[in-house]
Structures are given as C-alpha cells and as structure tokens.
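Notes to accompany the following structure.
In what follows, chains carry the letters A, B, and so on, assigned in the order in which the sequence lines appear, proteins first and then strands, with residues in each chain numbered from 1. No hydrogens, no waters, no symmetry mates; every other heavy atom, side chains included, goes into these values.
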Amino acid sequence: MEGRNEKRRSALFSGKMDMEDMENVLALYRDLFQLNEMDPPLDRPPRELAEKEVRMRLAEGFTLVDPEEILPDGPELAIRIRDVLKILQRHSEDPDSLTGDLKDLIDQPGRLDLLVGTFLREGEESVRKSLASMKDVNPEVAIFVLFNALKVPFLGAARRCRGIDTTAWEKGSCPVCGGEPAVACLIGEGGKRFLICFRCETRWRYRRMACPYCGHEDPKESVFLYSEDADHGALSASVCGQCLSYIKGWRVEGEDPGELCPEIEDLKTPGFDRAVQEEGYLRGAPNVFGLWIGSPDEEAPDRD
Amino acid sequence: MKVTRRDFMKISGAAVSGSALGGLGLGSAAVARSRSGNVAVKYASESTTICPYCAVGCGLIVSTHAGRIVNVEGDPDHPINEGTLCSKAQAVRQVSESSWRLTRPLYRAPGSSEWQEKSWEWVYDEIAKKIKKSRDAGFTKVNDSGQVVNRNDAIASVGSAALDNEECYLLQKWLRSLGLVYIEHQARI
C-alpha cells in the first residue's frame, strides 16, 4: 500500500495529469488524500488476529476486521467529519448551502453514532431514508462526508492486515472490511483479476469470469464493454447479465500495476461509466469519494 | 415488495444521477456529461475453453466481437496453466481466423498439381474405400509360425492430443477392429 500511495502522491502532485477539465475534482481528491495521510493512528486499533483465526475467517467467509470494532468514538468522529466538511467547503461553489441540519447532527454524538452505524450495517440507502426528515441536508454531501470521515480507520485496519495471504478468500467483497469492490485490475501475462476496495484500499484476487457483486459465473459467456477511444484503451467494464452490475477494470502489462492509480483513473473516466450505464448497467460500488457516478435509469437492453 | 438497489436508484432519480458530484457544489456535472458524450462502447464477450493442441489441456479465455475472435489469452483461474500459454497456444486464434484456414475439403489427385474442391460425402466415401482397400491388401490372418494374428501391417494411426478420453477409447476400438497394431499418439512423439 505504501508503494501505491507513493505512486498516487506522485500522480496527484506532479502536475502531469491530463485532467484539466476536472481540476476541481482532482483538487478535492488531493486534499482528502493529504488528510488521510496526516491523520494520527486510531485510538481503537483492530485487535491482533492469530494465524489460525485468520485462516479460519478467510476460509469461512468472515472479513478480517469487523467495521464496528474500529470505529472512532463520537467526539473523534465529529472532528473527522468537520475536517472533511471543511475540505469540501473549500472546493464548493456554494459552501454555506452544504451543511444544513448536518451541522447540528455532528454536535449530537448519539445521533451521529446511530447514523454511522446505519451507514456501515445497512448501507447508504438506509442513510438516505434516515436523512429524509432532516432539513436542507443533501444526501450526497452526507454520504460523501461519512464515507471520507470513516476512511482513516479503514485504511488503518487494512495496513494492519497487509501481508496476510488472502488466497483462501473466495468472495467478491473485500476480505478486510467487507466493502464492495469499486474497480478491478487485470495484471500480468495471465490477466489475473484483482479487485480494489475504495473504502480500505485493499486489493485481492478474484475469479475472472465471475461477477463480484452477485457471484454469478458463466464460463460459456462473460460480457464486457470496451471503447476504441484512445483515452480508454486499457479500460473495460465487465457486466453481469444476472444482477446488471458492472465493474470497471484496467489491463496492466507485467506483474506490477506500475503507474496506474485506479482511484484517479476512475475519477478521470466518468464518461465511460455513463456510456456503460446508458446500456442499462449499474455501477457495483461508488467511486473514491463514496459517490455513485452516472444515471442508472434504464433497464439492460436486449442484446439478441 | 422488495425494493432492489436498482429500483431505489430509479426512485431517487436525480439524487444519485450524474449530478452526484455536482451535488457537492463542485460544478462538475457538466464536465462529466461533456466527457461522456464522446465515449462509444462496444460489446464483446469472453468464454473459457481448452487449447486444442497438446495433451496438457491449458485453459483459454477467448474474446469475441460480432462472432469473430478478437483475442485469446491464458485463463488465470485454470489450475493447469494459471494464465500462461506456450507460443503455439498464443497463436491459436489463427485456427479460426487465418485467411489460410480450409473451410471445405480439397483433393489433389495422384500426379496432379491442382487442388479440387470436393464435398464431405465424396471425401468420406473415398477415405472409406482406401481404408478398405489397404486393409484387405495388408491383412494377415496367420503368421509364419501358423499362429492366428488377425493383424493389419498396412495402416498406422497417429492419434491427436485434441481427442478426449472417450474419443480415444472409440478410436482404439475401431482401429483394433481393423487389425491395426501400429497405433501411436501425438503426446508420445
């Protein structure tokens, strides 16, 4: 992960990125990246796992870390949320309109804990429902803030799990935190597929022909979409005919992902997402900001 | 009624649409839209299969677009080759896509330099006639010591690694019924 961070830092701060028309998005990510790097280690680190327990958990399909074990306490979480909000306001065209009732929520640790618990256990759909009664709270802002404020504990947990052999893990979700994979990389001569969780940034091996979101696998036919556009040469989207989800993946020569930073590449290619979604497929996990990209309002077309 | 995520996203409409980043006040929704306008995607599909060449049986992933093979690579999840391929297998696409691929039987008569296109029926009949002729001419019922051998020294067979177990069994039965003793297999050569 350190190597990957180095590459990302170099990509983000070298000024060589071809993202002129999305500079505001990149600048936001740059600040969040720095915040995550600066944040002190957690006061509640995940407990150490014995080798036998690691083996058992992976083989039985239990994640290495229970997200609720690593959650910061209410006041600490409130500080993190304020930090993320400050960054967002710095980049927003209308900073005052962002918070609404969210500001009050942050000052009520009990309610905040409840919301975070809902976010982790039931996902963002439930958060949206919980927020429905709150005045002037944009759900995108709330989800963005929660996702990014919780990132440091998850990164810390993943750091502690670094070096653990996750070969026995057969699920499409993250072996460390249980998050859904956001993107994939096809690495090396054999095109081994690695999935990447944007919550804790863990990378793990997964079957090439299977859908990571529903597990459906059809060796006779696995459909993918690609573009002949030069900007999207190494990019494709594996789509699932069963659950209609898709996952973006980059093909990388050699065994090392090299200069590829999937988080940034994903931000750079929203147009590809939209094109795939216009074919009727849904993105399986949000982007590195914790937000969904595109407009999933069509059913998958009949491709006979 | 169970509401799936797809249904939910449809219901919430604009809230989770392309304006997600715009919802943060970044003013980037228009950017996302303008970029998307230029991206045209194409469908392709991948299927797993086994290399037809040798007896190792390496796993392949074959990518096709509009019914034509566009790529062949090793299957990283196949236990035999784990994604690697020999140089011959890497070129296996040519079996299907080469412009030199034969799609109809060709026959060159003895002494001729010209190939003639023939029907499969004609070819089957000719092969059967030649096998019968060679078998009858070369069949030995009793050897020099007077022992019954019922063998045919005039025909030999070289089996292909592309044959599976069951096909090899049937081939062996058939060859033995003709009295063949020279039965060899590609994998041993």
Side-chain angles (χ1 to χ4, degrees), chain A residues 21-22 24-25 28 88-89 91-95 97-98 125 128 138-141 144 186 188-193 207-209 219-229 231-232 236-238 244 269-276 278-279 282 286 289 291-297 299 303, chain B residues 3-50 58-65 70-71 73-78 81-85 90:
Chain A
D21 52 353
M22 293 190 79
N24 46 1
V25 176
L28 175 63
L88 180 58
Q89 284 178 316
H91 292 278
S92 176
E93 289 169 345
D94 189 8
S97 70
L98 285 178
E125 291 167 30
R128 285 175 195 278
N138 182 332
E140 305 315 318
V141 173
F144 171 88
L186 301 182
E189 182 199 355
K192 297 180 187 82
R193 181 156 79 156
R207 304 188 302 279
R208 259 286 285 278
M209 304 291 280
K220 284 186 186 159
E221 192 189 42
S222 156
V223 178
F224 67 95
L225 284 101
Y226 67 100
S227 168
E228 288 179 347
D229 185 55
D231 289 345
H232 302 95
S236 64
S238 301
L244 303 181
T269 50
F272 187 80
D273 282 277
R274 190 171 289 274
V276 175
E278 279 168 7
E279 296 295 314
L282 265 183
F289 291 139
L291 298 174
W292 298 91
I293 303 169
S295 174
D297 54 357
E299 293 299 330
R303 290 185 290 103
Chain B
V3 179
T4 64
R5 196 182 77 217
R6 171 171 286 267
D7 296 329
F8 173 81
M9 293 176 101
K10 272 176 155 179
I11 296 161
S12 18
V16 287
S17 74
S19 61
L21 286 172
L24 303 183
L26 298 177
S28 56
V31 171
R33 266 194 289 277
S34 69
R35 283 196 162 212
S36 72
N38 302 323
V39 182
V41 288
K42 287 185 174 176
Y43 279 95
S45 65
E46 292 180 329
S47 316
T48 54
T49 188
I50 305 294
C58 291
L60 303 174
I61 293 181
V62 179
S63 306
T64 55
H65 173 64
V70 290
N71 187 43
E73 61 189 314
D75 181 353
D77 301 318
H78 195 277
N81 56 320
E82 296 184 337
T84 57
L85 288 180
Q90 282 172 15

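Every side chain to side chain contact (heavy atoms under 4.5 Å, CB included) that B:L85 has, sequence neighbours left out, goes to B:C58, B:L60, B:N81, B:A89, B:Q90. Contacts of B:S45 classified as side-chain hydrogen bond (donor to acceptor under 3.5 Å, both in side chains), with partners at least two apart in sequence or in another chain: B:T64.
Rounded to the nearest 0.5 angstrom, A:K220 NZ and B:S47 OG are separated by 10.0 Å. How far CZ of A:R208 is from OG1 of B:T48: 11.0 Å, rounded to the nearest 0.5 Å. To the nearest 0.5 angstrom, B:I61 atom CD1 is 5.5 Å from A:M209 atom CE.
Of all the listed residues (A:S236, A:S222, A:P286), the one sharing the greatest number of non-hydrogen pairs under 4.5 Å with chain B is A:S222. Heavy-atom pairs under 4.5 Å with chain A peak, among B:P76, B:G83, B:G74, at B:P76.
For B:E73, the part lying under 4.5 angstrom from a heavy atom of chain A is the side chain only. Within the 4.5 angstrom heavy-atom criterion, only side-chain atoms of B:H65, from C-beta onward, approach chain A.
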